[in-house]
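Below: one structure, written as structure tokens.
Below, chains carry the letters A, B, ... as their sequence lines are ordered, and counting in each starts from 1.
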Amino acid sequence: MLEVSVRHRFEGFALDAAFKAPPGVTVLFGRSGSGKTTIINTVAGLLMPDSGRIASGDWCLLDTESGIRLKPHRRRLGYIFQEGRLFPHLTVRQNLAYGAWFAPKDAPRASTAGVVDLLGIGHLLDRRPGALSGGEKQRVAIGRALLSAPRLILADEPLAALDEARKAEILPYFERLRDEVSVPILYVSHSPSEVARLATTVVALDAGRVVAQGPAAEVLGNPGILPAGAREAGAVLTARVARHHADGLTELDAGGLPLFLPKVPQPEGGRLRVRIAAHDVILSRARPEGLSALNILPGVVHEVRPGEGPGAIVALDTCAGRVLARITRRSANVLGLVPGAEVHAIVKTVSVAPLDVGGGGRTKR
Amino acid sequence: MLEVSVRHRFEGFALDAAFKAPPGVTVLFGRSGSGKTTIINTVAGLLMPDSGRIASGDWCLLDTESGIRLKPHRRRLGYIFQEGRLFPHLTVRQNLAYGAWFAPKDAPRASTAGVVDLLGIGHLLDRRPGALSGGEKQRVAIGRALLSAPRLILADEPLAALDEARKAEILPYFERLRDEVSVPILYVSHSPSEVARLATTVVALDAGRVVAQGPAAEVLGNPGILPAGAREAGAVLTARVARHHADGLTELDAGGLPLFLPKVPQPEGGRLRVRIAAHDVILSRARPEGLSALNILPGVVHEVRPGEGPGAIVALDTCAGRVLARITRRSANVLGLVPGAEVHAIVKTVSVAPLDVGGGGRTKR
Amino acid sequence: MTDWLGPAEWSAVALSLQVSFWATLVSLPLGIFVAYALARWSFPGKQVLNGLVHLPLILPPVVTGYLLLLTLGTRGPIGSVLADWGIVFAFRWTGAAVAAAVMAFPLMVRAIRLSIEAVDPKLEQASATLGASPVWVFLTVTLPMALPGIVAGAILAFAKAMGEFGATITFVSNIPGETRTIPSAIYAFLQVPGGEASAMKLVIVSVVVAMGALLLSELIGRRVTARVGGR
Amino acid sequence: MTDWLGPAEWSAVALSLQVSFWATLVSLPLGIFVAYALARWSFPGKQVLNGLVHLPLILPPVVTGYLLLLTLGTRGPIGSVLADWGIVFAFRWTGAAVAAAVMAFPLMVRAIRLSIEAVDPKLEQASATLGASPVWVFLTVTLPMALPGIVAGAILAFAKAMGEFGATITFVSNIPGETRTIPSAIYAFLQVPGGEASAMKLVIVSVVVAMGALLLSELIGRRVTARVGGR
Amino acid sequence: AAASMTSALAEIETNFEAATGHDLVVSLAGSSALARQIQQGAPADIFISASTDWMDRIEADGLIEEGSRFDLLGNSIVLAAFGTETAPVEIGPDLDLAGLLGDGRLAMALVDSVPAGVYGKAALESLGLWDDVEAQVAQADNVRAALAFVAAGEAPYGIVYATDAAAEDNVTIVGTFPPDTHPAIVYPAADLASRDVPAEAEFLAYLRGPEARAAFERQGFTVLTE
Ligand SMILES: Nc1ncnc2c1ncn2[C@@H]1O[C@H](COP(=O)(O)OP(=O)(O)OP(=O)(O)O)[C@@H](O)[C@H]1O
Ligand SMILES: Nc1ncnc2c1ncn2[C@@H]1O[C@H](COP(=O)(O)OP(=O)(O)OP(=O)(O)O)[C@@H](O)[C@H]1O
Ligand SMILES: [Mg+2]
Ligand SMILES: [Mg+2]
């Protein structure tokens with residue numbers, strides 16, 4: 001468990017953040033300028049905070065009180081910088097190999113071929129960064145960090161410059177790192193679906209302070225604290241793969257309720273997380289019939305929280321867990337949704353977006 | 001109308017692209033490394049292509065055949081670079097003012113205060129770029145380009161580093177540029193919602209070639225040609241603001257059918273575009289009752305196109321226009337959806353995301 | 001202090017400062033121009049220009065001085081033309097400044113050139129897209145960003161000018177109050193028995209002056225670097 | 001061609017090359033180290049070190065040569081210690097190399113320092129996060145990225161060494177075959193009436209050699225720059 | 001004037017200016033540099049050279065007033081040794097100079113071009129010593145630098161002007177070369193043809209006068225005028 005507690009003042013900006021990052025992916029979430037990169041830099045040792053303590057178990061990276069300041073090169077990090085920072089004088093191949101030169105020879109190491117393949121940079125290996133496109137640079141930067149056999153990965157918006165398809169290819173790799181290699185990951189992202197999919201823990205920042213932290217499901221299920229407002233609210237459910245159907249659908253078992261998804265890679269019996277965005281849920285009092293939507297979760301209204309606009313968030317308890325629905329207040333009135341009311345949540349199969357399906361991780365709460 | 005036709009070879013990459021950019025926003029869309037930045041650079045005059053012609057009406061920027069090569073500084077561009085490129089020796093204020101020094105004194109000019117406000121960089125004016133966060137840099141870069149009184153804006157993923165809330169604030173500004181100031185804009189983006197909202201014309205690129213181009217509604221409605229696959233398909237409808245309701249909803253009139261949205265800024269009678277993503281549409285044979293969804297569009301199945309996975313795209317013709325729905329093939333079978341079948345498209349109010357609502361632009365087709 | 005050095009020595013110190021100052025100041029614009037041309041343009045004869053600039057470094061100073069005497073002397077091909085216009089270098093302090101400038105030129109150009117080459121052309125491109133013509137790009141981006149190197153180049157030239165001797169004495173001789181700079185005075189002192197003490201005083205003065213200039217350039221350099229904000 | 005220059009001249013040419021080559025090569029590591037220290041560290045006495053490095057530029061070469069003689073001569077405080085170890089500079093070509101190296105040192109350090117300062121510290125940080133210790137950061141990032149400046153500095157030093165005269169002759173005199181470099185030979189020729197023609201031949205030789213070195217450095221510099229890819 | 005006359009001329013300048021009210025400007029450099037500058041039209045009135053060669057050259061070029069040249073000063077060359085108590089030696093053909101040197105160097109000014117070196121070489125040749133020591137000669141660019149080698153103990157012996165050696169504490173004059181072993185060491189002076197200033201004649205006369213003589217002699221020169 002990584003514990004971070006730092007205070008630092010820039011002119012016009014004060015950082016005062018403390019959080020705990022349990023094993024898995026801890027996502028730093030917050031508006032531009034809220035201090036995400038600054039925190040990552042203190043963990044990397046590139047910025048010496050005015051005061052603070054950063055430690056992982058008994059491995060202490062920084063403790064200003066006792067004067068411990070581990071040099072960056074002793075921290076064994078894989079830092080994916082927000083701005084690439086590839087070495088312009090080295091080829092892509094040499095950039096990728098750079099970290100491995102310095103890693104202990106017996107460190108567990110990702111296969112270069114595998115990472116190169118995953119990132120689709122095989123045809124670029126002999127080029128220099130100056131001749132790469134923006135997204136290509138970013139992919140090489142990811143590869144360089146992953147291949148350095150790090151004990152801790154710091155990823156500052158690693159996928160921002162990539163197209164959706166490429167993101168969809170790379171995200172599962174971070175999941176595997178989280179689940180199989182169990183490298184702790186500090187991850188900065190603006191994308192709710194990335195957060196939902198990867199995060200074990202979410203730390204929400206605002207103006208240099210932590211405004212919320214906790215397990216992903218909890219923080220994401222609370223529309224009040226998420227920076228971008230209600231649009232990003234959604235529930236994260238844990239489910240088990242029940243069956244792969246012949247027509248390309250996978251049936252999940254979420255607390256006894258069936259959920260249909262486009263085929264997922266997990267084997268039958270495997271556990272995974274599914275994010276259901278609040279705005280993708282339609283509610284119906286009666287059990288709906290004859291719809292193209294396959295997933296219908298019966299539940300009981302737990303709470304109706306009016307939003308700032310014409311909308312409201314309805315939280316309902318189903319056997320699969322707490323599900324959020326964002327509907328108009330008009331509909332809430334028409335349907336008579338009050339706590340205790342029985343409703344059906346209708347979720348389109350495909351609106352459980354591929355990006356929002358992740359391996360089970362450690363969020364089995 | 002900007003006409004671009006360029007050929008250029010890098011080692012290992014050949015660009016051969018020709019497209020027409022009518023007034024408005026032309027979005028270049030394509031995977032990482034497909035040649036978007038390369039094209040923008042030829043328009044900016046920073047890259048001299050092996051051969052080609054770039055002209056806007058009788059204003060010729062480049063014609064390798066007749067030897068015309070306008071110098072970059074004579075092109076009056078506002079280029080928002082993919083990597084910022086702020087001047088490190090100037091303050092933010094000076095960076096913003098830079099372009100204005102060189103613009104003709106009588107050129108129509110955006111108000112500095114307005115742009116600074118829009119971008120939320122008022123507190124940064126006396127800093128230098130070295131002390132800015134990634135997103136802050138990007139916002140200053142946007143401001144610098146907008147304030148140079150350009151005749152043509154080139155924006156290379158201008159919003160990639162920003163959070164959703166900030167994007168939602170800045171996008172309307174680009175719309176205003178498009179609609180009110182009528183500066184043509186070449187815009188690179190990976191985000192389908194940005195594309196749908198801004199694009200007058202979409203040019204889809206793959207490996208240096210144009211694979212599709214045309215009005216936004218047409219290209220976006222054709223799932224086959226979009227790089228990231230069916231998930232990005234969606235229909236763009238044109239509608240008129242019918243009424244602003246007291247409970248914060250706006251009622252649109254789309255070809256006679258009512259559509260409810262969270263309040264939009266356009267006045268009653270104003271025209272706008274609405275994107276309905278294919279995966280946000282649920283189909284029902286019977287007219288559904290008692291749902292939280294307020295928008296129900298009756299229509300007739302035009303075509304059912306099976307996708308690669310377990311899904312299918314159903315195109316239906318409604319009075320509002322062509323609407324796409326992405327459903328499972330299983331549902332398509334169960335519901336008996338064949339061309340000519342009558343169905344109802346159910347669209348949640350709020351799933352018409354704020355980003356996907358744009359001013360009417362020039363797409364009144 | 002005034003007693004410590006005689007009036008003749010003070011005059012040498014003042015003259016050295018004057019000569020070095022003007023040598024640096026006047027050659028700076030040309031140095032920047034040549035450095036820019038060498039860094040960013042390619043043109044026929046570029047290598048010849050480059051060689052010419054370095055020539056005074058390679059040649060023994062006596063030779064440089066002699067060549068200056070032959071060309072810029074009142075009977076030299078250029079000197080005689082200039083003399084018709086009333087510009088005379090021979091045996092004037094201006095000639096000492098010319099000699100110092102010529103000798104310091106390669107150092108100045110190298111330093112400035114390295115700094116200009118280190119300016120990211122992408123920033124210059126950005127400037128051009130914002131409407132800056134090449135001259136303005138140079139003035140608003142290249143020049144300010146190369147400032148540390150320009151300051152370094154100027155100070156290097158100034159220091160070199162302060163120490164320049166061989167070419168100066170060969171070209172404009174060693175005339176008190178006109179061309180007898182500190183190094184020439186030191187030379188004269190060293191040529192006679194017992195002159196070491198007087199020479200050493202002048203050495204100390206010139207070291208102090210040059211160190212002052214160096215410190216100043218370090219301060220300027222640091223401020224410029226700090227402004228750019230940790231880069 | 002062999003006839004054009006006498007054996008004495010050829011020996012001077014060969015010696016000059018030898019002296020300049022070794023002067024450059026041996027002082028390069030120290031030059032890089034000092035340049036790095038000045039560019040990236042702050043330590044007490046930094047300005048003193050900086051001043052010391054520039055001293056040979058400021059002092060008339062004769063003074064520098066004289067100071068070298070006093071310190072590195074067989075009876076000088078350092079020279080006598082070295083002599084006990086069997087290292088003697090006085091009247092040896094190695095002494096000429098030392099004099100040339102000392103005179104060229106400020107030029108070398110300035111050029112290298114400017115290049116090191118131009119290396120983006122962010123890349124050095126990236127290297128550190130990937131596990132490179134400061135020494136490795138320097139070797140794998142700073143050094144290769146500063147290469148153009150290091151080449152420039154080395155060539156500048158070489159050129160200066162080829163032209164160095166005052167300090168050399170004052171320190172190690174002019175012994176044919178041992179310390180009579182091209183500039184010494186040229187000087188000797190110029191001291192007698194009518195010696196200009198012989199001197200001019202040597203001038204041409206030294207110009208040709210130095211231009212060759214310059215061209216080489218330009219080529220290397222261009223290749224390095226091209227490698228970094230348009231930056 | 002030749003740079004080796006710096007101190008003497010400084011004294012003479014002060015006195016001359018005080019006595020006549022004229023403003024005298026003395027430019028001190030190597031004779032070769034001065035001669036070349038005169039050839040290139042230097043605005044000089046009087047030239048005092050450290051060697052006859054350069055004066056000859058100037059005269060041949062017709063740059064001096066006819067009949068104005070005269071020999072101003074003389075000097076002698078000596079064998080100087082490092083240290084204060086080196087035993088004197090007899091300078092003659094029997095001198096075992098090579099033996100004295102051991103593996104040390106003999107410091108001289110440039111033996112083919114600088115006057116002190118030329119005289120020294122001539123003296124050694126006429127004594128038949130040159131071939132023995134030629135390989136051990138370390139040539140400096142001027143006689144003062146040669147002396148510095150001896151004074152610093154770098155070279156055990158050197159051949160320099162008597163004027164220089166006498167004033168240096170760290171060296172001993174161990175012998176003087178007989179005048180007949182080398183061409184006469186003279187410093188010729190002449191009025192240059194380029195310009196005519198009334199004070200020229202006055203100064204030339206002053207140089208021959210008793211005050212100048214005293215000043216030169218204080219510096220160890222032999223004054224050749226009467
Ligand atoms: N200077 C160059 N030399 C060689 N190849 C280059 C050079 N610049 C770009 N390329 C290649 O050209 C292709 C197109 O690059 P471009 O920058 O236009 O891509 P892009 O569409 O902007 O991608 P991204 O979304 O990643 O920014 C890439 O494969 C890139 O590697
Ligand atoms: N060197 C500096 N000096 C002064 N202020 C700084 C410096 N570096 C960063 N800041 C300020 O600190 C704040 C936090 O910066 P940081 O880079 O951590 O933001 P961020 O959360 O990473 O934002 P983004 O999403 O835009 O990258 C910003 O307001 C920024 O302006
Ligand atoms: Mg950041
Ligand atoms: Mg790009």
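Contacts of Ser32(A) with chain B are made by both backbone and side-chain atoms, with heavy-atom separations under 4.5 Å. Heavy atoms closer than 4.5 Å to chain B are found in both the backbone and the side chain of Leu283(A). With a 4.5 angstrom heavy-atom cutoff, Glu136(B) touches chain A via backbone and side-chain atoms both. Only the side chain of Ile346(A) comes within contact range of chain B, judged by heavy atoms closer than 4.5 Å. Heavy atoms of Glu11(A) lying under 4.5 Å from chain B belong exclusively to its backbone. When heavy atoms are compared at a cutoff of 4.5 Å, His245(B) approaches chain A solely by way of its side chain, counted from C-beta outward.
With respect to chain B, the highest number of heavy-atom pairs below 4.5 Å among His344(A), Lys137(A), Glu83(A), Arg139(A) belongs to Arg139(A). The most heavy-atom pairs under 4.5 Å with chain A, out of Val334(B), Leu335(B), Leu337(B), come from Leu335(B). Of all the listed residues (Gly33(B), Gly12(B), Ala286(B), Ala332(B)), the one sharing the greatest number of non-hydrogen pairs under 4.5 Å with chain A is Gly33(B). Contact count versus chain A (heavy atoms, under 4.5 Å) is highest, among Glu157(B), Arg330(B), Arg285(B), for Arg330(B).
The heavy-atom pair separating Leu119(B) from Arg166(B) by the smallest distance is O-NH1, 3.7 Å.
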Worked verdict on Leu261(A) versus Leu249(A) for side-chain contact (heavy atoms from CB on, under 4.5 Å): CA-CA 6 Å; Leu261(A) 258 74; Leu249(A) 293 180; over 6 Å; no

Test side-chain contact (heavy atoms from CB on, under 4.5 Å) applied to Val92(A) and Arg128(A), step by step: CA-CA 6 Å; Val92(A) 168; Arg128(A) 278 173 217 280; over 6 Å; no

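Ring-plane geometry between His8(B) and Phe10(B) is classed as perpendicular, the angle between the planes exceeding 60 degrees on a 0 to 90 degree scale with a lower cut at 30.
The structure places CG of Leu154(B) at 9.0 Å from CG of Leu46(B), a figure rounded to the nearest 0.5 Å.
Looking only at atom types and distance, the side chain of Asp156(A) has a donor-acceptor partner in the side chain of Thr37(A) under 3.5 Å away.
Side-chain atoms of Asp206(B) and Phe29(B), non-hydrogen and from C-beta on, never get closer than 4.5 Å to each other.
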